[in-house]
Amino acid sequence: MKPSISSKTLFPVLILLLFINTPLISSSSSSSSSQFIKTSCSSTLYPKLCIITLSPHSSLIQTSPKLLTQSALNLSLSTAKSTSILMSRLLLHNNNNNNNNKKKLKAREVAAMNDCLEEITDSVDELRRSVGEMGKIGNSKDFKFIVSDIQTWVSAALTDETSCTDGFEGKGMDGNLKKEVQRLVRTVARMTSNALALINRFANLNA
């Protein structure tokens with residue numbers, strides 16, 4: 001039985017969260033800012049997603065590599081948090097089905113969901129650390145050391161996210177649930193991949 005909260009509902013909500021409280025774009029700087037974002041995003045694996053998610057923040061980013069990197073990290077963190085919340089709701093929905101004698105997830109599916117949720121929770125923590133360290137750049141002489149730590153944490157977050165769906169491989173898993181989780185995780189993993197690419201670019205610019 002397919003969960004009542006469908007991927008068609010969850011995915012638009014997740015994307016919508018990326019654009020909440022975005023600053024207005026100044027007409028005087030939007031052109032150079034937009035071009036800067038487009039050029040920077042060309043270094044990522046998912047340039048279209050990069051441009052779509054960062055463009056609403058162009059008035060804040062301007063043409064600053066540091067602000068671009070900070071924005072990418074913050075967006076990745078926000079997406080990871082949202083993914084964690086949505087997956088928790090899916091598990092809660094399953095528990096409610098159990099209490100109401102409705103069809104519930106199999107034990108293997110619940111285990112896979114819990115493992116995946118744990119991986120996403122770890123990635124949230126790693127991305128949060130990265131955002132915190134990014135704020136120290138400019139106030140410290142240890143640029144290379146700080147950036148190296150950020151690269152390590154974001155790489156770890158990406159590994160956690162990409163391995164999140166490993167438990168859903170093989171037969172006997174609910175197809176709808178598998179697709180739903182994969183869709184959610186794919187988005188956050190691509191956001192984190194883009195953030196890592198922009199961090200590497202930022203590091204190279206200041207090498």
Asks: Quick check: closest heavy atoms across Leu77 and Val124, and the distance to 0.1 Å?
Replies: CD1-O, 3.5 Å
Asks: Would you indicate whether Arg128, at its atom CZ, is surrounded by more than 12 heavy atoms from other residues, nucleotides or ligands within a distance under 6.0 Å?
Replies: yes
Asks: Looking at Lys136 and Glu133, is any side-chain nitrogen of the basic one under 4.0 Å from a carboxylate oxygen of the acidic one?
Replies: yes
Asks: Using 0.5 Å steps for rounding, measure from the CG atom of Asp166 to the CG atom of Asp115.
Replies: 10.0 Å
Asks: Decide whether Leu45 and Ile37 are clustered together by the hydrophobic rule: side chain heavy atoms of Ile, Leu, Val, Met, Phe, Trp, Tyr closer than 4.5 Å, transitively.
Replies: yes
Asks: May I ask you to decide if Asn194's main-chain N or O and Thr44's side chain share a donor-acceptor pair within less than 3.5 Å?
Replies: no
Asks: Does one hydrophobic cluster hold both Val154 and Phe143, with members joined at side-chain heavy-atom distances below 4.5 Å?
Replies: yes
Asks: Within the side chain of Ser148, is there an N or O that forms a donor-acceptor pair under 3.5 Å with the backbone of Lys144?
Replies: no
Asks: Would the distance check show the side chain of Ser123 and the main-chain N or O of Ile120 forming a donor-acceptor pair, the cut-off being under 3.5 Å?
Replies: yes
Asks: Go through it in stages, so that I can follow the logic: the residues are Thr187 and Thr83, the test is side-chain contact (heavy atoms from CB on, under 4.5 Å), and I'd like the CA-CA distance, side-chain angles, deciding distance and then a yes or no.
Replies: CA-CA 9 Å; Thr187 300; Thr83 301; over 6 Å; no
Asks: Between Thr69 and Pro65, is there a donor-acceptor pair closer than 3.5 Å when you use the side chain of the first and the backbone of the second?
Replies: yes
Asks: Keeping the roles fixed (side chain from Ser34, backbone from Ser31), state whether a donor-acceptor pair exists under 3.5 Å.
Replies: no
Asks: Should Glu169 and Lys178 count as side-chain neighbours, where that means a heavy-atom distance under 4.5 Å?
Replies: yes
Asks: So if I apply the side-chain contact (heavy atoms from CB on, under 4.5 Å) rule between Thr53 and each of Lys48, Met191, Arg190, which one comes out positive?
Replies: Met191
Asks: For the side chain of Ser55 and the backbone of Ile52, is there at least one donor-acceptor N/O pair under 3.5 Å apart?
Replies: no
Asks: Within the distance-only criterion (no hydrogens, no angle test), does the side chain of Ser64 pair as donor or acceptor with the backbone N or O of Ile61 below 3.5 angstrom?
Replies: no
Asks: Quick check on Lys38: does its NZ atom have over 12 non-hydrogen neighbours (other residues, nucleotides or ligands) under 6.0 Å away?
Replies: no
Asks: Within the side chain of Glu119, is there an N or O that forms a donor-acceptor pair under 3.5 Å with the backbone of Cys164?
Replies: no
Asks: Between Ser58 (side chain) and Leu54 (backbone), is there a donor-acceptor pair under 3.5 Å?
Replies: no
Asks: Does Thr192 reach the main-chain N or O of Val188 with its side chain, forming a donor-acceptor pair under 3.5 Å?
Replies: yes
Asks: Evaluate Leu73 against Ile150 for side-chain contact (heavy atoms from CB on, under 4.5 Å), listing each step before the verdict.
Replies: CA-CA 10 Å; Leu73 277 173; Ile150 294 172; 4.3 Å; yes
Asks: Walk me through whether Trp153 and Leu127 qualify under side-chain contact (heavy atoms from CB on, under 4.5 Å).
Replies: CA-CA 7 Å; Trp153 282 324; Leu127 290 169; over 6 Å; no
Asks: Examine Tyr46 and Ile51 and state if one hydrophobic cluster contains both, with Ile, Leu, Val, Met, Phe, Trp and Tyr joined whenever side-chain heavy atoms are less than 4.5 Å apart.
Replies: no
Asks: Gln35 and Thr39: side chain to side chain donor-acceptor pair (under 3.5 Å), yes or no, with the steps?
Replies: CA-CA 6 Å; Gln35 185 57 46; Thr39 301; 3.2 Å; yes
Asks: CG/Asp149 to OG/Ser130 distance, rounded to the nearest 0.5 angstrom?
Replies: 9.0 Å
